[in-house]
Amino acid sequence: MTTSVTQSRTDEVTEKLDRVRAHLADSGASGALFTHQFHTSWITAGLEDVILRGAEMSFLWVLVTPGGAYIVTSNIEAARLRGEEDPSALGFEVVEVPWYEGHFQKALGELCDTSGLLNDGDGPGREAGFDLQRLRMSLTAGEAERMRTLGADSCGALEEGMRLLSPGMSGRDLSAEVAFRLEQLGIFPFALLVGGDRRRTSYRHPTVSSDPLERDALMVVVAVRGGLNVALTRTASVAGPAPELAERHAIAAEAEARALEASRPGNTYGHALQAQIDVYEAHGYHDEWRNHTQGGPIGYGSREFGVAPLAAPDRYTDYPVELGHAVAWNPTVQGAKSEDTFLVGEADNEPVTNSDSWPSITVPTAAGSLQRPAILEVG
């Protein structure tokens, strides 16, 4: 397991500003502009801007120049930021724009040459989203610690809620139990999917519905706090899983374990994806991967990017797995799914969304046995 290291938010911001400014020096840009929620949370070491939950665009923009760091926002948000977030202690100057001016362009122009900016997809300057994404892929010590805590809290909320599964319960009832527990912990369920017997096998994305769950339930959660994401899935059964579900679940667990085994420095994400696909083929589930995305790196995005086998070779399948990355693979096999979030550490990959209280499946790998969540029998 990776050793836990404490890092203050101020030190974390300093490390990130150094990364950005080194990139500015290499590229000759006048600054970097972050306009999306996940990016503004990243550069500020966890400052959240969730007025519109799940919205891509942020109500505050962050500008980093060779000599300054600024949060540009409306007068509506500035008071809350100063009163609750203390951005000046992190090294950011708040630039307040009256909401009725409609945009931040004028304020940005007073801070730098906006024609020379790199942006993350919106605002003035040149779009450089992929380059800016690369700067955030390796988590700092502080981020890794926050992800461990987020993972443990999210796992506890999901598993506790799943234990309440009972005959006649609806998907909406069960999802409400899990969402309630997440919200109590300050966690936003960015994705929440739940399906019983029929919907689990019919749809790869069983959105929350009032349909009865009947014998079993599968629930998927992507949980966000401080901008960081973790992803996890659990399956529970009231009367014990049907043989076909148990078989498919075991195959999904094996596929995930193989992808995790391959998600090590020296390999690419395409290599890890292929390891997962090979398990489908070995068990006779040919082309099963075509029915659902298979996962990949996670962090400030629910997935930092998707790895698509038929796109190879491209910049995502060829992207190297590195120390400090976080990964979440999610193989599905006709209604069964296995998914958790792991940190790529020096010695091994560290699970952050697992608990010892949930039953597990042991999957042997070349690096040693890996425990993956089994199907819980309730009642």
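As the structure is a prediction and not an experimental result, all values here were calculated from the model.
Annotation: the span from Ser30 atom OG to Leu63 atom CG amounts to 8.0 Å, rounded to 0.5 Å. Atom NE2 of His23 and atom CG of Asp18 lie 14.5 Å apart (nearest 0.5 Å). In this structure, NE2 in His39 is found 10.5 Å from CD in Glu56, a value given to the nearest 0.5 Å. Distance CG/Asn354 to CD/Gln371: 9.5 Å, rounded to 0.5 Å. Separation of atoms CG (Asp211) and CZ (Arg198) is listed at 5.0 Å; rounding is to 0.5 Å. Atom-to-atom distance recorded for Glu288:CD and Ile277:CD1 is 11.5 Å, nearest 0.5 angstrom.
Residues Leu370 and Val333 fall within the same hydrophobic cluster, defined by Ile, Leu, Val, Met, Phe, Trp and Tyr side chains chained together at heavy-atom separations under 4.5 Å. A continuous path of ILVMFWY side-chain contacts below 4.5 Å connects Met137 to Leu260, so both sit in one hydrophobic cluster. Leu132 and Leu33 fall into different hydrophobic clusters, where Ile, Leu, Val, Met, Phe, Trp and Tyr side chains are chained together by heavy-atom contacts under 4.5 Å. Phe34 and Trp61 fall into different hydrophobic clusters, where Ile, Leu, Val, Met, Phe, Trp and Tyr side chains are chained together by heavy-atom contacts under 4.5 Å. Note on Val279 and Ile361: separate hydrophobic clusters, where clusters join Ile, Leu, Val, Met, Phe, Trp and Tyr whose side-chain heavy atoms are under 4.5 Å apart, directly or indirectly.
When atom types are taken as modelled, the side chain of Thr268 and the backbone of Thr317 share a donor-acceptor pair closer than 3.5 angstrom. Between the side chain of Arg199 and the main chain of Val194, a donor-acceptor pair closer than 3.5 Å is present. Listed for the Tyr280 side chain is a donor-acceptor partner under 3.5 Å among the backbone atoms of Thr332. Proximity of a side-chain donor or acceptor of Arg303 to a complementary backbone N or O of Ala328 within less than 3.5 Å is detected. Using a distance-only test at 3.5 Å, with no hydrogens or angles considered, a donor-acceptor pair links the side chain of Asn119 to the main chain of Gly123. For Glu322 (side chain) and Gly324 (main-chain N/O), no donor-acceptor pair under 3.5 Å exists by modelled atom type. Between the side chain of Arg248 and the backbone N or O of Gln334, at least one donor-acceptor pair lies under 3.5 Å. Judged purely by atom type and a 3.5 angstrom limit, Asn349 has no side-chain atom pairing as donor or acceptor with the backbone of Phe342. For the pair Arg163 (side chain) and Leu376 (backbone), a donor-acceptor distance under 3.5 Å is absent. With hydrogens and angles disregarded, a donor-acceptor distance shorter than 3.5 Å links the side chain of Gln37 to the backbone of Asp49.
Two residues are said to be in side-chain contact when any heavy atoms from C-beta on lie closer than 4.5 Å; Leu232 and Ser154 meet this criterion. Using a 4.5 Å cut-off on side-chain heavy atoms (C-beta onward), Leu273 and Tyr316 make no contact. Residues His271 and Val321 are not in side-chain contact: their nearest non-hydrogen atoms beyond the backbone lie 4.5 Å or more apart. No side-chain heavy atom of Arg315 sits less than 4.5 Å from a side-chain heavy atom of Phe305. Within the 4.5 Å cutoff, the side chain of Asp340 has no heavy atoms near those of the Pro351 side chain. Residues Thr44 and Pro87 form no side-chain contact, since every pair of their non-hydrogen atoms from C-beta on lies 4.5 Å or further apart. A 4.5 Å side-chain heavy-atom check between Pro206 and Arg200 finds every atom pair outside the cut-off. Inter-residue side-chain proximity for Leu228 and Val230 is flagged as unmet; no heavy-atom pair is nearer than 4.5 Å.
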Carefully, step by step, assess Val221 and Thr353 under the rule side chain to side chain contact (heavy atoms under 4.5 Å, CB included).
-> CA-CA 11 Å; Val221 170; Thr353 54; over 6 Å; no

Do Arg290 and Leu310 pass the side chain to side chain contact (heavy atoms under 4.5 Å, CB included) test, and can you show the C-alpha distance, the side-chain angles, and the key distance before you say yes or no?
-> CA-CA 10 Å; Arg290 293 178 182 269; Leu310 296 186; 4.0 Å; yes

Given Asn330 and Thr233, is the side chain to side chain contact (heavy atoms under 4.5 Å, CB included) satisfied, shown in steps?
-> CA-CA 8 Å; Asn330 52 265; Thr233 296; 5.8 Å; no

For Leu164 and Asp173, what are the C-alpha separation, side-chain angles and deciding distance, and is it a side chain to side chain contact (heavy atoms under 4.5 Å, CB included)?
-> CA-CA 10 Å; Leu164 299 177; Asp173 292 335; over 6 Å; no

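Summarising the local packing, CZ of Phe180 is surrounded by 12 or fewer heavy atoms from other residues, nucleotides or ligands at distances under 6.0 Å. Within 6.0 Å of the CZ atom in Phe190, the count of heavy atoms belonging to other residues, nucleotides or ligands does not exceed 12.
Remark: Asp318 pairs with Pro313 by the side-chain contact (heavy atoms from CB on, under 4.5 Å) rule, at least two apart or across chains.
Between Val378 and Met162, the closest heavy-atom pair is CG2-O, 4.1 Å. The two residues Trp42 and Lys16 come nearest to each other via the heavy atoms O-NZ, 2.6 Å. Contact record, Ser338 with Glu256: OG-OE1, 2.5 Å, taken as the closest heavy-atom pair. When all heavy atoms of Glu281 and Asp287 are compared, the pair lying nearest together is OE2-N, 3.2 Å. When all heavy atoms of Ala246 and Ile375 are compared, the closest pair comes out as CA-CD1, 4.2 Å. Taking each heavy atom of Val178 and Gly161 in turn, the nearest pair found is CG2-CA, 4.0 Å.
In the model, His283 has a side-chain atom that pairs as donor or acceptor with a side-chain atom of Glu254 under 3.5 Å. Between the side chains of Ser88 and Asp86, a donor-acceptor pair is found at a separation under 3.5 Å. With hydrogens and angles left out, the side-chain atoms of Ser355 and Ser357 include a donor and acceptor closer than 3.5 Å. Donor-acceptor pairing under 3.5 Å is lacking for the side chains of Thr14 and Asp11. A donor-acceptor contact closer than 3.5 angstrom is absent between the side chains of Asn229 and Ser302.
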Distance-only donor-acceptor pairs under 3.5 Å for side chains of residues 91-112, two or more places apart:
from, atom 1, to, atom 2, distance (Å)
Glu96, OE1, Arg82, NH1, 2.9
His103, ND1, Gln105, N, 3.3

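A salt bridge does not link Glu143 with Arg136: every distance from a Lys NZ or Arg NE/NH1/NH2 to an Asp or Glu carboxylate oxygen is 4.0 Å or more.
Remark: of the listed residues Arg146, Arg181, Arg225, Arg148, Arg225 is the sole one forming a salt bridge (Lys or Arg N to Asp or Glu O under 4.0 Å) with Asp153.
The aromatic rings of Tyr269 and Tyr319 sit tilted relative to each other, their planes meeting at an angle between 30° and 60°.
In summary, the aromatic rings of Phe38 and His36 are positioned with their centroids under 6.0 Å apart.
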